[in-house]
Trainee: 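Next up is a structure, given as structure tokens.
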Amino acid sequence: MNDGEIVELSSEFANIYSVEDGERILREPELVTETMEAAQKGGFDHFMLKEIYEQPQVARELIHLYEKSEDLDDVIGALKQAKNIYFIGCGTSYNACVSGAVFFNRIANRAVFPVAATQFMAQYHQSISSEDIGIFVSQSGETKDVLNAVEIAKKRGMRIYSLVNVVGSTLTKKSEIWLPLACGYEISVPATKTFTNQLIAFLYLAYRMGDKSLDDFDKLPDLMENEIKKSTSIVQKALPFVQDWNDLYCLGYGLSFPIALEGALKLKEITYSHCEGMLSTEFKHGPLAAVTNRYPVIFVSTLNDIPLIISGINEVTCRGGFAIAVGPENENLRANANYLIPVTKSTDEISSILSVIPLQLISYYMCLARGFDPDFPRNLSKTLTVD
Ligand code: M6R
């Protein structure tokens, strides 16, 4: 359905009418290829856990889809020619935009503006033009804040590309080109598999933009599978250090900064504990004052950033705080943090994607320990169609 339409639905028929004049609208139906099985928990206690476990498989499918897609050559060509590139989204999708911008800088030497959709108007509206491309990122493709930004961008002539999970959603219809996230249904309110596939999509584009080899890519789904298997028990052992706190931080730097933002968002969303995600280097500029005895601070690190992250860890531990590190197995990181959740060693880009998995699992198990339902957190809905 489109905006301004109403449907009369029965087991026999579905008639669409215009709200404005009541006229019947005739339209060819589109076939939804998802099965009923995809909308069931399939033996898992919650959709969230099922969707966390589906990440390697949907990653595999996305990589396969992108590697055989000829349309992507045009997308890469256009991105290379664009004057400015913007990545625009909300919530988890915004966090993916920040990762995307770091990937583009590191791999393709290309500066990108990642921006929260609602800030797009205030920050960039006067500066954009038809020489620019915006990649609008959304699981649902129906988020009103994102669609508002699309309208503003269109009026300025900007080219509208998008990265969307729901086929046939409003965002796909408003885009010149849309790239699928190919995750199937994501039913649980906290986004998980769509986040990792958003990161994979951006990483793929960055590799192609930078004319770099895609070899690392094919290994990623297996690494993700392994990460889920090995993290679960290690994460569960970390629960006593965090689960009773109503306030904590999740910090990262560079590639792990957006991962820390996403980890903090997951924790807030389903544990109802306030968790702030921020740059580890900013912590000493004020928030450090919050640290008391055993106050938990989660540090996310990639291999190259370990020395800087350790410096942040020491600021916390020397004041009695409790530092949990999520990063590659490393002697110094293990020695300096109070608890290490090791992430498989790989390139820093791939490790950053892997490191969100333990954070998703901490949120999930902490949510259960606090007696809440991860799939349907209070006050939230899966799709936000209001301003
Ligand atoms: O459907 P979208 O990706 O546009 O949704 C944007 C946010 O509302 C969404 O990512 C929200 O932050 C998630 N529930 C977080 O897990």
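Each residue takes its place number in the sequence, starting with 1.
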Trainee: Going through the checks in order, is the ring pair (Phe, Tyr, Trp, His ring centres under 6.0 Å) test met by Phe103 and Phe202?
Mentor: CA-CA 7 Å; Phe103 292 155; Phe202 276 134; 7.7 Å; no
Trainee: Hey, does the side chain of Asn105 reach the backbone of Arg110 with a donor-acceptor pair shorter than 3.5 angstrom?
Mentor: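 Looks like no, no N/O pair under 3.5 Å.
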Trainee: Taking only residues two or more places apart in sequence, or in another chain, which ones meet Lys174 in a salt bridge (Lys or Arg N to Asp or Glu O under 4.0 Å)?
Mentor: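 Result, salt bridge (Lys or Arg N to Asp or Glu O under 4.0 Å) vs Lys174: Glu151.
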Trainee: Distance check, rounded to the nearest 0.5 Å: Ile133 atom CD1 versus Leu79 atom CG?
Mentor: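 Going from the CD1 atom of Ile133 to the CG atom of Leu79 covers 4.5 Å.
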Trainee: Please tell me whether Ser311 and Asn314 have a donor and an acceptor in their side chains that are separated by less than 3.5 angstrom.
Mentor: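 Their side chains do not contain a donor-acceptor pair, so the 3.5 Å distance test is not met.
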Trainee: Compute whether any side-chain donor of one residue and acceptor of the other, for Asp375 and His46, lie under 3.5 angstrom apart.
Mentor: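 Asp375 vs His46: no donor-acceptor pair found between side chains.
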Trainee: Relative to Phe47, does Lys41 satisfy both conditions: NZ or CZ under 6.0 angstrom from the six-membered ring centre, and within 45 degrees of the ring's axis?
Mentor: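 Yes, Lys41 sits over the ring of Phe47.
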Trainee: Run the numbers on Glu67 and Asp218 for side-chain contact (heavy atoms from CB on, under 4.5 Å), then give the verdict.
Mentor: CA-CA 10 Å; Glu67 282 179 345; Asp218 298 331; 3.1 Å; yes
Trainee: Provide the closest heavy-atom pair for Ser346 versus Ser351 in the form atom of the first, atom of the second, distance.
Mentor: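 That would be N-OG, 3.5 Å.
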Trainee: Just by modelled atom types, is the Cys183 backbone N or O under 3.5 Å from a matching donor or acceptor in the Asn165 side chain?
Mentor: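 Side chain of Asn165 to backbone of Cys183: a pair is present.
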Trainee: Can you tell me how far CG of Leu223 sits from CD1 of Ile228, rounded to the nearest 0.5 angstrom?
Mentor: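 Here the interatomic distance stands at 11.5 Å.
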Trainee: For Phe241, does the six-membered ring have the charged nitrogen or CZ of Arg294 within the cation-pi criterion, i.e. under 6.0 angstrom from the centroid and within 45° of the normal?
Mentor: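 Because its charged atom misses either the 6.0 Å distance or the 45° angle limit, Arg294 does not stack over Phe241.
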Trainee: First locate atom OG1 of Thr143, then atom CG of Leu171, and finally report the distance between them rounded to the nearest 0.5 Å.
Mentor: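 That separation rounds to 8.5 Å.
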Trainee: Given the side-chain rings of Trp178 and Tyr161, with only the six-membered ring counted for Trp, is the space between their centroids under 6.0 Å?
Mentor: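 Centroid distance Trp178-Tyr161: not below 6.0 Å, so no.
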Trainee: Hey, is the main chain of Ala117 close enough, under 3.5 Å, to the side chain of Asp145 for a donor-acceptor pair?
Mentor: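 No, Asp145 side chain to Ala117 backbone: no donor-acceptor pair under 3.5 Å.
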Trainee: Is it possible for you to say whether Val167 and Tyr66 belong to one hydrophobic cluster, with membership spreading through side-chain heavy-atom contacts below 4.5 Å?
Mentor: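 No: no chain of side-chain contacts under 4.5 Å links Val167 to Tyr66.
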Trainee: So Leu72 and Leu179, side-chain contact (heavy atoms from CB on, under 4.5 Å) or not? Walk me through it.
Mentor: CA-CA 9 Å; Leu72 274 164; Leu179 303 179; 3.8 Å; yes
Trainee: Can you name the closest pair of heavy atoms from Gln243 and Arg370 and give their distance?
Mentor: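 Gln243 and Arg370 have their closest heavy atoms at O-NH1, 2.6 Å.
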Trainee: Please name the residue in the list Gln139, Lys382, Lys193 that meets the side chain to side chain donor-acceptor pair (under 3.5 Å) test with Glu186.
Mentor: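 With Glu186 as partner, Gln139, Lys382, Lys193 yield a single side chain to side chain donor-acceptor pair (under 3.5 Å), made by Lys382.
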Trainee: Which word best sums up how the rings of Phe120 and Tyr86 line up, parallel for under 30°, tilted for 30 to 60°, or perpendicular for over 60°?
Mentor: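 Perpendicular, since the angle between the ring planes exceeds 60°.
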Trainee: Distance only, no hydrogens: is a donor on one side chain within 3.5 Å (strictly under) of an acceptor on the other, for Glu23 and Tyr17?
Mentor: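 Their side chains do not contain a donor-acceptor pair, so the 3.5 Å distance test is not met.
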Trainee: Could you label the plane-to-plane angle of the Phe44 and Tyr53 rings as parallel, tilted or perpendicular, counting under 30° as parallel and over 60° as perpendicular?
Mentor: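 Tilted, since the angle between the ring planes falls between 30° and 60°.
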Trainee: Show the nearest heavy-atom pair for residues Glu329 and Pro342, with the distance to one decimal.
Mentor: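 Residues Glu329 and Pro342, closest heavy atoms: OE1-CB, 3.9 Å.
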Trainee: Checking Ile107 against Leu203 for the side-chain contact (heavy atoms from CB on, under 4.5 Å) test, could you report, in this order, the C-alpha distance in whole Å, the side-chain angles of both residues, the deciding distance, and whether it holds?
Mentor: CA-CA 9 Å; Ile107 297 169; Leu203 187 54; 3.3 Å; yes
Trainee: Indicate, with yes or no, if Ile177 and Val137 share a hydrophobic cluster defined by side-chain heavy-atom contacts under 4.5 Å among Ile, Leu, Val, Met, Phe, Trp and Tyr.
Mentor: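 Cluster IDs for Val137 and Ile177 match.
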Trainee: Indicate if Val326 and Leu255 have the same hydrophobic cluster label, given that clusters are the connected sets of ILVMFWY residues with side-chain heavy-atom separations under 4.5 angstrom.
Mentor: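 Yes, same cluster.
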Trainee: Indicate whether any N or O donor in one side chain lies under 3.5 Å from an N or O acceptor in the other, for Asp305 and Thr302.
Mentor: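 Yes, side-chain donor-acceptor contact under 3.5 Å.
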Trainee: Is the centre of the Tyr272 ring less than 6.0 Å from the centre of the Phe372 ring?
Mentor: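 So the answer is yes for these two rings.
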Trainee: Please work out which of the three classes, parallel, tilted or perpendicular, describes the rings of Phe104 and Phe87, given edges at 30° and 60°.
Mentor: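 Because their plane-to-plane angle is over 60°, the rings of Phe87 and Phe104 count as perpendicular.
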Trainee: I'd like to know if Leu265 and Met366 are part of one continuous hydrophobic network [Ile/Leu/Val/Met/Phe/Trp/Tyr, side-chain heavy atoms within less than 4.5 Å].
Mentor: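 Met366 does not cluster with Leu265.
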Trainee: Under a plain distance cut-off of 3.5 Å, with no hydrogens placed, do Gln360 and Glu262 share a side-chain donor-acceptor pair?
Mentor: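 Distance-only check fails for Glu262 and Gln360.
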Trainee: Looking only at heavy atoms, which two atoms of Leu368 and Pro374 are closest? And how far apart?
Mentor: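 Here Leu368 and Pro374 meet closest at CD2-CD, 3.9 Å.
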Trainee: Can you tell whether the side chains of Lys219 and Asp216 come within less than 4.0 Å, N to carboxylate O?
Mentor: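 Yes.
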Trainee: To check you understand the geometry: which heavy-atom pair defines the closest contact between Thr92 and Ala191, and what is its length?
Mentor: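 For Thr92 versus Ala191, the nearest heavy atoms are CG2-CB, 3.8 Å.
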Trainee: May I ask you to check whether Tyr295 and Asp247 show a side-chain donor-acceptor distance below 3.5 Å?
Mentor: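 A pair is found: one side chain offers a donor N or O, the other an acceptor, under 3.5 Å apart.
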Trainee: Hey, what do you get for NE2 (His125) to CD1 (Ile128), rounding to the nearest 0.5 Å?
Mentor: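 That separation rounds to 6.5 Å.
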Trainee: I'd like to know if Val164 and Leu181 are part of one continuous hydrophobic network [Ile/Leu/Val/Met/Phe/Trp/Tyr, side-chain heavy atoms within less than 4.5 Å].
Mentor: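 No, because Leu181 and Val164 fall into different hydrophobic clusters, even though each may have its own neighbours under 4.5 Å.
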Trainee: Between OG of Ser188 and CG of Asp373, what distance do you get to the nearest 0.5 Å?
Mentor: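 These two atoms lie 8.0 Å from each other.
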Trainee: Write down the atom of Pro358, the atom of Ser231, and the distance for their closest heavy-atom approach.
Mentor: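 Distance-wise, the nearest heavy atoms are CG-OG, 4.0 Å.
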Trainee: Lys50 side chain to Gln40 main-chain N or O, any donor-acceptor pair under 3.5 Å?
Mentor: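 Indeed, once roles are kept as given, a pair shorter than 3.5 Å links the two residues.
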Trainee: Determine whether the side chains of Gln55 and Thr196 contain a donor N or O and an acceptor N or O closer than 3.5 Å.
Mentor: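 A pair is found: one side chain offers a donor N or O, the other an acceptor, under 3.5 Å apart.
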